[in-house]
Amino acid sequence: MTVTMATLKGSEAKISDESLEEFRMSIRGDVLTSHDADYATVRPPYNAMHPGKPALVVRPTGTADVVAAVNFARENGLLLAVRGGGHSIAGLSSVDGGLLLDLARMNGVDVDVEARTVRVQGGALVGDMDHETQAFGLAAPSGIVSDTGIAGLTLGGGEGWLRRKHGMSVDNLLSAQVVGADGQVRTASADSNSDLFWAIRGGGGNFGVVTSFTFQCHPVGPTVAFAGVFHPVADAENVYRQFRDWAKTAPDEISAMIGCTTLPASEHMPPEIHDTPFIVTGAVYSGDPEEGMKIIQPLRDIGTPLVDISGPMPFAGVQGAFDEFFERGTLRSYWKSTYVEELTDPILEIIVDKARTRPSKRTFVIAFLMGGAINRVGEEDTAYSERSANWMVSIDGNWQDASDDDKVISWVRGAWGEVHEHGTGSLYLNFTGVADEANTVGVESAFDKVNLQRLEEIKAHYDPDNFFRLNNNIPPAS
Ligand SMILES: Cc1cc2nc3c(=O)[nH]c(=O)nc-3n(C[C@H](O)[C@H](O)[C@H](O)COP(=O)(O)OP(=O)(O)OC[C@H]3O[C@@H](n4cnc5c(N)ncnc54)[C@H](O)[C@@H]3O)c2cc1C
């Protein structure tokens, strides 16, 4: 049966049975249309606001399949979406009517214990990587929810519980294998295609399909000191201020955040916070757990918590602690973030106000302590360029009912605007939602001018036709 597909030009292409069959023969993985039973087994994306309905799904088993899929899409002028873990906040994990290249089957992870490096395939999740590295007491910096894809997270920067000690994911990337728009396979590293290597460290999925990443690992855990202290929202001013003041002198081993939300009842969370709005202070100490527990003690002494779950914890457990609250395809999400030099009193006032007036239970208002190793990298050393701010504030709208879309999205925009006025002007593309905006939203602010211009030039070199366009899109320089 002929398949009708969306093209790069905005028109439709008819893919004949013969051409599909020929394509199928060249692939070891799956080639699925909506008529195939396995189409329903495709791992759904996280953001329920952007499920997408691809006309064709390709699930490669290796780089050769990725090359075949890229060539097939390019030769037929098809609109292509690339899915690593499917956690795109912007909803760029899918496509309507186009070809979805879903790397879910490419989730292999291989640790070189002696070299302390890890090679991760392009469809692996944070949890896949942690499972293998932690078996050897190692970790590579990634995110804080284990179901997030390593690929999208890394290509956008990648911040998690090790960021202040060991930097962003991009700061630990040693090399990557990239399938370009021309179907060529390139190694991107300091010594090979160094311009491409620079660009993929923050420039997103604009430059090709990354089939594997190799990261530097560090000794971490397996037990780390963890702070998780939950407070009533009524005590917000006091908790935010004391947290901010403690964070000022925290060593690099500490990566920390403060946030507010409401979570449903769960057997994994203490009853004191079931369906109860709270402020949580969270921290991980990447070093000796006993020393770490002393460093986080002042956080545990703030106010009168609802409950305190701090203690030495397996690092893998910390990474998975909040997974159940981000089940794929259940929440609608629209997030916006902004970097601020310091959490000044005026900014704290705004944050406390927003903590109290969230438009939906599951909306988060979070401040991440940045700095440390992140800010010891030069702003032009990687495409990811925010290297001076000490904080990132993220306003994460999450809700379930489509009839609340307008209400939550406009609240997030308003709250973000108030904080952004006090910010450095830059933002984090990995935490940037798309509703009625174009998918270039935020790109100009995310990079400093020099980096953006360089990204546009590298895009023009590797992808002059903007074949890879379903991403935080950087148009090629003309
Ligand atoms: C619940 C949740 C928690 C999160 N926590 C964190 C966090 O702790 N830290 C953090 O930094 N971010 C976090 N994020 C944001 C996350 O990093 C981004 O949304 C990221 O894009 C997700 O990557 P992915 O591979 O899962 O997503 P996908 O939707 O699969 O991909 C997103 C985009 O990345 C590109 N892409 C994906 N795979 C490839 C590939 N192999 N080759 C080329 N391009 C590719 C594509 O352009 C795609 O549109 C979180 C997101 C969610 C939903």
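Read the numbers this way: they start at 1 and go in the same order the structure lists the ligands and their atoms. Note that these values count all heavy atoms, side chains included, but never hydrogens, waters or copies made by symmetry.
- The contact shell of ligand 1, taken as protein residues with any non-hydrogen atom closer than 4.0 angstrom, comprises Tyr46, Val82, Arg83, Gly84, Gly85, Gly86, His87, Ser88, Ile89, Leu92, Ser93, Leu103, Gly122, Gly143, Ile144, Val145, Thr148, Gly149, Ala151, Gly152, Leu153, Leu155, Gly158, Glu159, Gly205, Gly208, Val209, Val210, Phe326, Trp335, Tyr428, Asn430, Phe431, Leu470, Asn471.
- Between Arg387 and Asp381 no salt bridge is recorded (no basic side-chain N to carboxylate O distance below 4.0 Å).
- Ring centroids of Tyr240 and Phe243 are separated by 6.0 Å or more, keeping the two rings apart.
- Within the structure, salt bridge (charged side-chain N to carboxylate O under 4.0 Å, His left out) pairs that include any residue of residues 66-93 do not occur (at least two apart or interchain).
- Checking Asp405, Thr363, Asp404 one by one against Trp399, the side-chain hydrogen bond (donor to acceptor under 3.5 Å, both in side chains) holds for a single residue, Asp405.
- For the salt bridge (charged side-chain N to carboxylate O under 4.0 Å, His left out) condition, the pairs that include at least one residue of residues 180-196, sequence neighbours left out, are Asp182-Arg186.
- Residues passing the salt bridge (Lys or Arg N to Asp or Glu O under 4.0 Å) test with Asp147 are Arg328, sequence neighbours excluded.
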